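Nothing here was measured: the structure is a model prediction, and the numbers come from that model. Side chains are part of it too, since the values below use all heavy atoms of this structure and drop only hydrogens, waters and symmetry mates. Residue numbers start at 1 and run along the sequence shown.
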Amino acid sequence: MTASKLRIDIRGLEKSFGEERVLKGLDLSLSSGNFYCLMAPSGTGKTTLLRLLMGLEAPDRGTMTIRLSPDGPLRTAAVFQEDRLLEGYTALQNLRFATGNRYTAEELTGFILRLLPEEALNKPVREFSGGMRRRTAILRAILAPSDLVLMDEPFTGLDHETKLSAIRMIREFCDGKLFIAATHAEEDPKLLGAKVIQL
């Protein structure tokens with residue numbers, strides 16, 4: 001199924017926590033078919049902006065206008081800084097929970113084996129290493145039906161080769177969607193083919 005056309009226009013966005021203002025008069029226009037990387041030091045609003053886009057925070061000032069064509073509910077998938085997996089379930093069960101009947105068990109198994117070792121197929125994710133958990137979270141986000149994909153430091157704990165494999169899958173499955181990743185790594189925009197947003 002092709003993703004809907006999505007445009008998000010942000011004007012004068014501000015957000016503070018107590019005395020600390022983390023976003024100050026932010027103006028952005030974002031559209032589907034593009035990959036974006038939020039680049040900024042820690043504590044300067046990357047995670048806050050992702051949470052605002054997900055509706056988990058409300059702005060203090062400013063507007064976020066979301067236009068989706070055709071009209072319908074905005075479908076968002078995310079990788080948080082914490083993996084937020086179903087601990088007692090296998091990787092396949094975690095993916096099935098997010099994707100419904102979109103893929104067969106054989107297809108999901110094939111996707112898993114592109115990023116995880118075969119031994120991961122029969123273990124609950126609570127027995128996974130940190131890197132394996134991260135890869136499962138990435139798979140869940142890119143395979144879920146969505147128009148907007150948000151990732152907060154998605155490659156934490158991944159070695160370079162695994163990161164490249166994950167990026168290949170992200171590029172494949174998020175093509176045509178609006179993709180935004182918060183990252184510190186200077187190489188990530190080039191690897192993802194992403195436009196840089198400096199906060």
Side-chain angles (χ1 to χ4, degrees), residues 3-68 72-87 94-95 97-99 125 130 133-158 163 166-167 170 173-174 177-186 188-189 192 194-199:
S4 301
K5 294 295 182 184
L6 172 63
R7 182 178 175 88
I8 301 176
D9 290 303
I10 296 170
R11 296 292 177 263
L13 197 68
E14 297 189 7
K15 182 66 180 179
S16 298
F17 296 98
E19 296 298 312
E20 183 182 7
R21 185 183 293 183
V22 293
L23 292 173
K24 308 170 187 178
L26 181 65
D27 293 319
L28 285 175
S29 292
L30 310 164
S31 57
S32 58
N34 291 293
F35 285 61
Y36 300 93
C37 280
L38 305 178
M39 307 287 290
S42 294
T44 52
K46 298 190 302 296
T47 296
T48 299
L49 178 55
L50 295 182
R51 290 179 61 82
L52 286 163
L53 289 166
M54 284 185 272
L56 300 175
E57 300 280 355
D60 298 328
R61 291 184 184 81
T63 60
M64 286 197 307
T65 305
I66 297 173
R67 298 181 180 88
L68 188 63
L74 176 63
R75 303 171 301 167
T76 303
V79 172
F80 296 88
Q81 287 187 0
E82 318 83 25
D83 296 312
R84 302 191 184 189
L85 300 170
L86 300 171
E87 297 288 333
N94 270 268
L95 298 185
F97 185 81
T99 61
V125 297
R133 293 167 61 87
R134 203 64 177 157
R135 284 172 265 168
T136 305
I138 290 170
L139 284 167
R140 179 181 59 186
I142 65 176
L143 295 175
S146 64
D147 308 294
L148 173 63
V149 181
L150 305 173
M151 296 192 179
D152 200 351
E153 304 291 349
F155 308 120
T156 301
L158 303 189
K163 175 178 175 175
I167 286 174
I170 288 170
F173 287 93
C174 297
K177 300 180 181 182
L178 172 49
F179 176 93
I180 307 170
T183 179
H184 287 101
E186 296 293 335
D188 287 357
L192 284 162
K195 300 176 182 180
V196 174
I197 299 172
Q198 292 282 358
L199 293 184

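Here the closest non-hydrogen pair linking R134 and E153 is NH2-O, 2.9 Å. The shortest non-hydrogen separation linking A141 to M151 is CB-CE, 4.1 Å. Of all heavy-atom pairs between D147 and P73, the closest is OD2-O, 4.0 Å. For the pair A58 and K15, the tightest heavy-atom approach, listed with the atom from each and the gap, is O-NZ, 2.8 Å. Residue I138 comes nearest to P154 through the heavy atom pair CD1-O, 3.4 Å, listed as atom of the first residue, atom of the second, then distance. Of all heavy-atom pairs spanning M39 and P189, the tightest one is SD-CG, 4.1 Å.
A salt bridge links R67 with D9: at least one charged nitrogen is closer than 4.0 Å to a carboxylate oxygen. The residues E87 and R133 are annotated as salt-bridged, a charged nitrogen and a carboxylate oxygen being separated by less than 4.0 angstrom. A salt bridge links D188 with K163: at least one charged nitrogen is closer than 4.0 Å to a carboxylate oxygen.
For the pair L139 and F173, the minimum side-chain heavy-atom distance is 4.5 Å or more. Between I66 and L148 there is no side-chain heavy-atom pair separated by less than 4.5 Å. Side-chain contact between F35 and I170: present, with at least one pair of heavy atoms (C-beta onward) separated by less than 4.5 Å.
A donor-acceptor contact shorter than 3.5 Å links the side chain of N94 to the backbone of L86. Judged by distance alone, with hydrogens and angles left aside, the side-chain atoms of R135 form no donor-acceptor pair with the main-chain N or O of F155 at under 3.5 Å. Looking only at distances, a side-chain donor or acceptor of D60 sits under 3.5 Å from a matching main-chain atom of S16. Looking at T183, its side chain does come within 3.5 Å of a backbone N or O of A185 through a donor-acceptor pair.
Separation of atoms NZ (K177) and OG (S4) is listed at 10.5 Å; rounding is to 0.5 Å. Taken from CG in L74 to CD1 in I8, the straight-line distance is 6.5 Å, to the nearest 0.5 Å. Here F80 contributes atom CZ and L56 contributes atom CG; the two are 5.5 Å apart, rounded to the nearest 0.5 Å. Atom OG of S146 and atom CZ of F179 lie 10.5 Å apart (nearest 0.5 Å). For the atom pair L143 CG and R140 CZ, the distance stands at 11.0 Å (nearest 0.5 Å). Going from atom CG of D27 over to atom CD1 of I10 covers 9.0 Å, rounded to the nearest 0.5 Å.
Counting heavy atoms of neighbouring residues, nucleotides and ligands inside a 6.0 Å radius, atom CZ of R11 exceeds 12 of them. Applying the 6.0 Å contact sphere to CD of E186 captures no more than 12 heavy atoms from other residues, nucleotides or ligands.
Shown are V22, L26, I197; of these, the side-chain contact (heavy atoms from CB on, under 4.5 Å) with L49 is made only by L26.
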